[in-house]
Amino acid sequence: MCGIVGIVSNKSVSASIIGALKKLEYRGYDSAGISTISNNRINEQKCSGRVDNLEKILFQNPSDGDLGIGHVRWATHGIPNQINAHPHSSEVVSVVHNGIIENSDKLRDEYIKKGYSFKSQTDTEVITVILTDFLKSEDLINCIHKTLEKLEGSFALGVIFKDYKNLVVGARRGSPLAVGYGHNENFIGSDSYALKSMTNKISYLDDGDFCLLYREKVEFYNSEKKKINKEILELSNEDNIAEKGDYKDFMSKEIDEQSFTTKKCINEYLDKSRNEINIYNLPIDPKKINKIRLIACGTAYHSCLMAKYWIEENTSIDVEADIASEFRYRNVKLNKDDLYIFVSQSGETADTYAALEKCKKNNVKTCGIVNVVESSIARLADFVLPIHAGPEIGVASTKAFLGQMLVLYLLILKISKERSEIDQENYKKLILDLIKLPDFIKQTLSKQKDIQVVARDFVNAKGTMYLGRGYSYPIAMEGALKLKELSYIHAEGYAAGEMKHGPLALIEDGMPVIVLAPKDRYFEKTISNMQEVIARGGKVIMITDDTSTTMSENIRFKFQIPKTNSTLNPFLLCIPLQFLAYHVALLKNCDIDKPRNLAKSVTVE
Ligand code: M6R
């Protein structure tokens with residue numbers, strides 16, 4: 001979390017830093033700050049709250065200077081106030097940081113004993129102090145190198161020095177950092193998206209690297225202070241389509257895009273002339289896969305749970321889905337015949353990345369399913385399958401979730417076919433059904449208004465439940481997560497069959513309960529569970545492809561999804577749940593794209 005940016009230029013940089021910070025706000029938005037160098041001094045300006053607040057401050061009191069750094073914060077150490085906001089500066093150096101310095105308490109004590117004092121409660125300020133101290137005795141490269149060596153934990157850093165008026169320093173360990181190249185100016189940023197209005201030429205630092213950015217050149221060093229070269233990538237225009245347009249917020253745009261992004265992803269992977277899925281060269285022969293382990297966090301984890309059902313349905317492969325923050329520390333037995341799949345929209349989630357690193361260290365076969373193809377996970381995994389969803393800016397994941405499920409589904413069908421566990425005819429039929437999916441998604445999207453009406457029931461609700469069986473269970477969990485993060489209403493997703501084992505006690509008269517009941521092999525059983533909820537006063541919102549009206553009595557509302565083959569229901573069921581979370585949040589006046597306490601890219605564990 002946290003976003004950092006740095007620019008060295010031949011013109012004033014503060015407006016460009018503010019522009020880049022606005023793009024990085026998805027990473028953190030509790031405070032913001034900027035440092036530039038002018039008149040032979042460091043000008044640090046910072047505030048609590050959004051970049052807009054910082055912009056107003058700069059309007060009153062402009063920050064001149066042709067080099068500078070900026071930061072948006074997601075607090076880890078110390079409350080989000082002005083003092084704890086970054087940059088953290090001394091007389092001679094100013095620092096912005098994304099990550100956590102795990103030995104900051106120890107370092108603080110060490111430097112207090114040396115006579116230094118600290119202004120903030122942050123872990124970051126130790127970096128400022130250490131750099132300040134080393135500057136007294138070391139040359140620049142040694143000062144940076146020795147400082148980095150003292151730090152434990154994760155970081156991406158941007159640093160400027162009062163006495164180096166043509167220099168911004170970047171460093172990376174565990175948190176991402178991109179370098180952008182311009183004409184007589186160069187940039188660092190937490191991601192390429194932040195730099196996109198300034199350049200489309202990008203390099204990425206690897207763990208342990210640091211870089212010296214001058215106006216006319218960039219020098220890279222590895223953790224042993226050796227000069228290294230970096231590949232320069234050219235971003236395509238497609239990477240640059242992250243604008244809100246006429247939409248009120250990114251989330252509504254991203255929900256609406258799902259028919260298009262699904263079609264695009266299908267086109268990327270399907271050879272329609274042969275009805276074949278173009279996924280080849282997996283790091284392990286599909287016929288020899290002993291087990292598949294799916295690892296991710298949050299919404300991405302729900303896509304893994306979904307995949308578990310599809311794998312069991314379509315192959316004989318043993319499968320497990322794991323939460324990355326658990327997997328990375330568990331004594332998991334890693335096996336060379338297993339395939340380890342890591343799912344992440346950002347490709348930067350710290351826990352998912354650490355779980356992947358653990359697998360890489362043990363030489364097992366890994367596959368990354370990501371949206372951001374230049375991300376750390378994409379670069380580390382043996383094999384990468386992009387979801388082609390385009391930039392997702394809203395903190396609540398929507399189109400990326402659909403994309404993750406879609407790529408997992410395609411991969412599973414392909415593995416099943418390679419293992420001859422699905423017959424050719426069925427394979428072809430499933431592919432033909434899949435081709436129709438974008439249209440079904442479109443139809444479902446067109447019914448947004450239906451959900452708007454029912455959203456009112458939730459505004460004053462104490463809590464709610466999402467129930468489903470089989471394929472609908474992971475979607476129930478995802479629906480509950482969406483409502484929680486957007487509207488701050490307590491919601492849980494349950495396997496409908498679990499209700500009697502405890503959760504039924506929570507049902508009160510008038511409590512809204514969402515029941516996912518597509519007409520699949522679980523339908524009758526789900527309906528029985530639904531009746532048990534109704535009998536106890538629950539107000540049911542039923543989401544189904546069933547068109548019979550006989551069982552609609554006592555149902556507060558029924559949302560109809562189009563009829564398709566039941567394996568594809570999850571793609572449709574999740575859409576009304578996205579709408580529901582969105583409209584409840586709107587009614588409650590919540591910040592749709594930036595829910596409280598959260599950030600889009602979780603780069604700390
Ligand atoms: O970038 P990732 O897919 O790795 O992110 C994982 C989770 O942090 C993310 O899905 C989170 O749960 C979403 N905000 C939920 O909408």
Side-chain angles (χ1 to χ4, degrees), residues 1-3 25-29 74 174-176 190-191 193 249-251 254-255 258 294-307 321-328 341-357 368-381 384-387 389-408 466 474-475 477-488 491 493 574-575 577-582 585 590-605:
M1 350 268 266
C2 299
E25 264 194 318
Y26 74 91
R27 302 175 71 90
Y29 34 84
W74 185 88
S175 301
S190 292
D191 61 23
Y193 169 61
D249 39 59
F250 277 105
M251 187 182 177
E254 287 157 7
I255 292 176
Q258 291 177 111
L294 302 140
I295 300 123
C297 301
T299 288
Y301 169 66
H302 295 151
S303 75
C304 295
L305 285 178
M306 197 64 246
D322 260 296
I323 292 173
S325 55
E326 291 296 313
F327 178 91
R328 66 181 285 192
I341 300 178
F342 297 84
V343 184
S344 173
Q345 187 284 129
S346 61
E348 301 294 351
T349 301
D351 285 316
T352 312
Y353 184 76
L356 169 60
E357 265 187 324
I369 296 183
V370 296
N371 195 24
V372 182
V373 285
E374 317 87 25
S375 61
S376 305
I377 289 176
R379 283 180 289 133
L380 188 62
V384 181
L385 294 170
I387 63 168
E392 189 183 67
I393 309 298
V395 166
S397 187
T398 52
K399 63 175 179 173
F401 177 60
L402 237 78
Q404 288 159 352
M405 289 199 296
L406 183 57
V407 171
L408 283 162
Y466 290 67
I475 301 298
M477 293 175 75
E478 171 59 9
L481 177 64
K482 283 290 86 90
L483 190 75
K484 267 187 272 213
E485 73 176 330
L486 281 163
S487 72
Y488 322 139
C574 66
I575 292 170
L577 305 189
Q578 295 168 349
F579 282 145
L580 182 63
Y582 176 82
C590 300
D591 189 328
I592 299 289
D593 287 334
K594 299 187 187 80
R596 72 180 180 203
N597 305 339
L598 299 179
K600 181 77 179 159
S601 188
V602 185
T603 53
V604 294
E605 66 170 296

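Residue numbers count from 1 along this sequence. Indexing begins at 1, ligand by ligand and atom by atom, following the structure's order.
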For a distance cut-off of 3.5 Å, show me each N or O of ligand 1 paired with any protein N or O, plus the separation.
from: ligand 1; atom 1: 1 (O); to: S344; atom 2: OG; distance (Å): 3.4
from: ligand 1; atom 1: 1 (O); to: S346; atom 2: N; distance (Å): 2.9
from: ligand 1; atom 1: 1 (O); to: S346; atom 2: OG; distance (Å): 2.6
from: ligand 1; atom 1: 1 (O); to: T349; atom 2: OG1; distance (Å): 3.3
from: ligand 1; atom 1: 3 (O); to: Q345; atom 2: N; distance (Å): 2.6
from: ligand 1; atom 1: 4 (O); to: S344; atom 2: OG; distance (Å): 2.6
from: ligand 1; atom 1: 4 (O); to: T349; atom 2: OG1; distance (Å): 2.4
from: ligand 1; atom 1: 5 (O); to: T349; atom 2: OG1; distance (Å): 3.4
from: ligand 1; atom 1: 10 (O); to: T299; atom 2: N; distance (Å): 3.1
from: ligand 1; atom 1: 12 (O); to: T299; atom 2: N; distance (Å): 3.2
from: ligand 1; atom 1: 14 (N); to: V395; atom 2: O; distance (Å): 3.0
from: ligand 1; atom 1: 14 (N); to: E485; atom 2: OE1; distance (Å): 3.1
from: ligand 1; atom 1: 16 (O); to: T299; atom 2: OG1; distance (Å): 3.2
from: ligand 1; atom 1: 16 (O); to: S397; atom 2: N; distance (Å): 2.8
from: ligand 1; atom 1: 16 (O); to: K482; atom 2: NZ; distance (Å): 2.9
from: ligand 1; atom 1: 16 (O); to: E485; atom 2: OE1; distance (Å): 3.4
from: ligand 1; atom 1: 16 (O); to: E485; atom 2: OE2; distance (Å): 2.3

Self-check item: Trace of the side chain to side chain contact (heavy atoms under 4.5 Å, CB included) decision for D191 with R27
Solution: CA-CA 10 Å; D191 61 23; R27 302 175 71 90; 4.1 Å; yes

Any side-chain donor near an acceptor of the partner, [X] and [Y], under 3.5 Å:
X    : Y    : result
D249 : Y582 : yes
E392 : S397 : yes
E348 : S375 : no

Quiz item: Could you give the distance from CZ (F250) to OH (Y26), rounded to the nearest 0.5 Å?
Solution: 11.5 Å

Exercise. Applying salt bridge (Lys or Arg N to Asp or Glu O under 4.0 Å), name anything that partners D322, two or more places apart in sequence or on another chain.
Key: R293, R330

